[in-house]
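To start, the structure under review is shown below, and the notes come after it.
Because the structure is a prediction, the values reported are computed rather than measured. For ligands, and for the atoms within them, numbers begin at 1 and follow the listed sequence. Numbers here are sequence positions counted from 1.
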Amino acid sequence: MNHRVIVVGCGGMANKWVDYAIERTNVSIVALVDVFIENAIKMRDAHNLDVPVFESLTDAIAQTEATLVFDVTIPASHKDVSSEAMRMNLNVFGEKPMAESFEDANSVLALSAKQKQTYSVMQNRRYDKHIRGLQKALDQQLIGPVGAVHADFFLGPHFGGFREAMLHPLIIDMAIHTFDQARLICNADPVSVYCHEFNTPGSWYDGNASAVCIFEMDNGIVFTYRGSWSSIGAGTSWQSEWRIQGSKGTALWNGEKELFADVKQLKENKEGDFLDEIVHVPIQADVSRREGHEGCLDEMFQALEEGRLAETDCTSNIKSMAMVFGAIKSAKEGKKVLLTGTHLEV
Ligand SMILES: NC(=O)c1ccc[n+]([C@@H]2O[C@H](COP(=O)([O-])OP(=O)(O)OC[C@H]3O[C@@H](n4cnc5c(N)ncnc54)[C@H](O)[C@@H]3O)[C@@H](O)[C@H]2O)c1
C-alpha cells in the first residue's frame, strides 16, 4: 500500500515526521502546509523536498491526491486540522494531544467513527524499550499482582512559545505522556482522579506547571503522579521515574536504563523475621520493535495496512485524554472526578 502524505505544521517536531516519511519506501510527501508559509518553505529546503507548499490544508487537499495527513501543528489546531482531513476522507496520524479540550477530543472521535477514517495519535513514550520490558515482566508476574504505581516527573525546561502561555501546560502538554504510559504499565483504564494543580514560586509559566494526582484504575491499581515543569535541578527523566508495588516485590524504572525488581525470596519466613529477604532481579529491555516516534509510526502504518486500529487509535487514546481532562476538572472543582470512557462525571 502506498501512502501520499500532506504534512501540516512545519515546526520543530515535524522534522522527525518528515525524516520518517523520507526513510519509508511506501510513503511520498505530496505537500507541506503551514499557516506561516516560510516555515513550510524552510522545511522543504532543509529536507531537499521537491513538493508544493501551502498556507491552507484545504488548498493542499484540493491540489494533491493525498491519502493521509500528518498533523504536527500546535495542540490548539489539532481539532480543526484532523476534522478537515477526515471530512475530506483522509486518514490522520497526529501529534499528541488529540485536542485541547475533552469536548473537542470527543468530537474528533465521533467524526472518525462517522467518516470511517482512522485517527491515530503519537504516544511515542509508550514505545520505549524499557517500558515494554517492564510491561512484559509485570505480565509474567515477576512481582505478583500489582496494587500501586507511582510516577515522579520533575524538570525545568524553558521552551518559550505556546507552552509558556497555555493553560495547564504540564497536564495537557506533558502529563498526557505519563498518563498514557501508566495505562500501559497498569494494563488498565482509569475510573477516577483527584488532582491538585498549582504553580511553584518563580514558575515562568502563565498556566499551572505543577500537579499532584491520584488515579484509581479499573483493575483496582492506584496510580499516583507528582509532576512539575518549573523544577530547578535534580531533574528526573522525561519518561518519569516509576515505582511499581506488587504482592511479591517492587519494580523500579528510572525512566532511562535502570530497570529492575526487588523480589521477595521464596522461603518460609522464620518467626521473628522483621523484613523479607529480597533478591535483586534486573529486567531486560524489550528490543522487539523500534522506539519512540519511529516505533509508534511503524505501528500506525502497519495497522493502516492491515485494516485494523492502531494501538494509539483515538478510540483508545481518548482514555488517556480522559485522565488529562478529568485531572483538570478535579483541580478546578477541588473534588474527585469519575472517569467513564468518554464521559467525565463528578
Ligand atoms: N510526542 C512528543 O514527544 C512531542 C514533543 C514535542 C512536541 N510534540 C507535539 O508536536 C506538536 C508540534 O509541536 P512543535 O514543538 O513542533 O511546535 P512548533 O510551534 O515548533 O510548530 C508548530 C507549527 O504548526 C504551525 N501551525 C499551527 N497551526 C496550524 C494550522 N492550523 N495549520 C497549519 N500549520 C499550523 C505553526 O505555524 C508551526 O510552524 C504539538 O502538538 C506538540 O505537543 C510532541
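- In summary, the aromatic rings of F93 and W17 are positioned with their centroids too far apart to meet the 6.0 Å limit.
- Using a 30° and 60° split on the angle between ring planes, Y205 and W229 fall in the parallel class, below 30°.
- For K79, no heavy-atom contact with ligand 1 is shorter than 4.0 Å.
- Using a 4.0 Å cut-off to heavy atoms of F36, the atoms of ligand 1 that qualify are 37 (O).
- Contact annotation: Q123 has no heavy atom less than 4.0 Å from any atom of ligand 1.
- Closest heavy-atom approach to atom 2 (C) of ligand 1 within the set N124, N39, N15, I37: this belongs to N124.
- Counting the atoms of ligand 1 from 1 in the order shown, those under 4.0 Å from a heavy atom of H293 are 1 (N), 2 (C), 3 (O).
- Ring centroids of H293 and Y20 are separated by 6.0 Å or more, keeping the two rings apart.
- The minimum heavy-atom distance between L109 and I318, with the atom names listed, is CD2-CG1, 4.1 Å.
- Near G12, meaning under 4.0 Å from any of its heavy atoms, are these atoms of ligand 1: 16 (O), 20 (O).
- Ligand 1 lies within reach of P75, whose nearest heavy atom is under 4.0 Å from it.
- Remark: E23 does not engage K16 in a salt bridge, criterion side-chain N to carboxylate O under 4.0 Å.
- Atoms of ligand 1 found under 4.0 Å from any heavy atom of E95 (numbered from 1 in listed order, with element): 1 (N), 2 (C), 4 (C), 8 (N), 9 (C), 10 (O), 11 (C), 41 (O), 44 (C).
- In terms of protein heavy-atom proximity, atom 21 (O) of ligand 1 is closest to G11 CA, 3.2 Å.
- Protein heavy atom nearest atom 24 (O) of ligand 1, with residue, atom name and distance: G9 CA, 3.4 Å.
- Neither the backbone nor the side chain of L57 has any atom closer than 4.0 Å to an atom of ligand 1 (non-hydrogen atoms only).
- Here the options are R125, R126, K319, the test is salt bridge (Lys or Arg N to Asp or Glu O under 4.0 Å), and the partner is D180; only R126 passes.
- From the protein, the heavy atom lying nearest to atom 17 (O) of ligand 1 is F162 CE2, 3.8 Å.
- In terms of protein heavy atoms, atom 11 (C) of ligand 1 is closest to T73 O, 3.2 Å.
- In terms of N/O distances under 3.5 Å, ligand 1 is approached by M13.
- Outside the 6.0 Å centre-distance limit, the rings of F179 and H177 are not counted as a close aromatic pair.
- At the shortest separation from atom 7 (C) of ligand 1 among protein heavy atoms lies R163 NH2, 3.4 Å.
- For atom 31 (N) of ligand 1, the closest non-hydrogen atom of the protein is S77 OG, 3.4 Å.
- Comment: E299 does not engage R132 in a salt bridge, judged by the lack of any side-chain N to carboxylate O separation of less than 4.0 angstrom.
- Taking Ile, Leu, Val, Met, Phe, Trp and Tyr as members and joining any whose side-chain heavy atoms lie under 4.5 Å apart, directly or through other members, L309 forms no hydrophobic cluster with any other residue.
- By the 4.0 Å heavy-atom criterion, K42 is excluded from the residues contacting ligand 1.
- Taking 4.0 Å as the cut-off between side-chain N and carboxylate O, D152 and R226 count as a salt-bridged pair.
- Connectivity analysis of hydrophobic side chains (ILVMFWY, heavy atoms under 4.5 Å, direct or indirect) links F260 to L252.
- Within ligand 1, counting atoms from 1 as listed, the ones closer than 4.0 Å to a heavy atom of V8 are 32 (N), 33 (C).
- Those atoms of ligand 1 with a heavy atom of H78 less than 4.0 angstrom away are 41 (O).
- Between E311 and R183 there is no salt bridge, since no side-chain nitrogen of the basic residue lies less than 4.0 Å from a carboxylate oxygen of the acidic one.
- Taking the six-membered ring for Trp and thresholds of 30 and 60 degrees, H3 and F301 have ring planes more than 60 degrees apart, a perpendicular arrangement.
- When K96, H177, M98 are ranked by how near their heavy atoms come to atom 41 (O) of ligand 1, first place goes to K96.
- The residue among I74, V72, D34, V35 with a heavy atom at the shortest distance from atom 38 (C) of ligand 1 is D34.
- Remark: ligand 1 and R125 share no N or O pair separated by less than 3.5 Å (distance only, no angle test).
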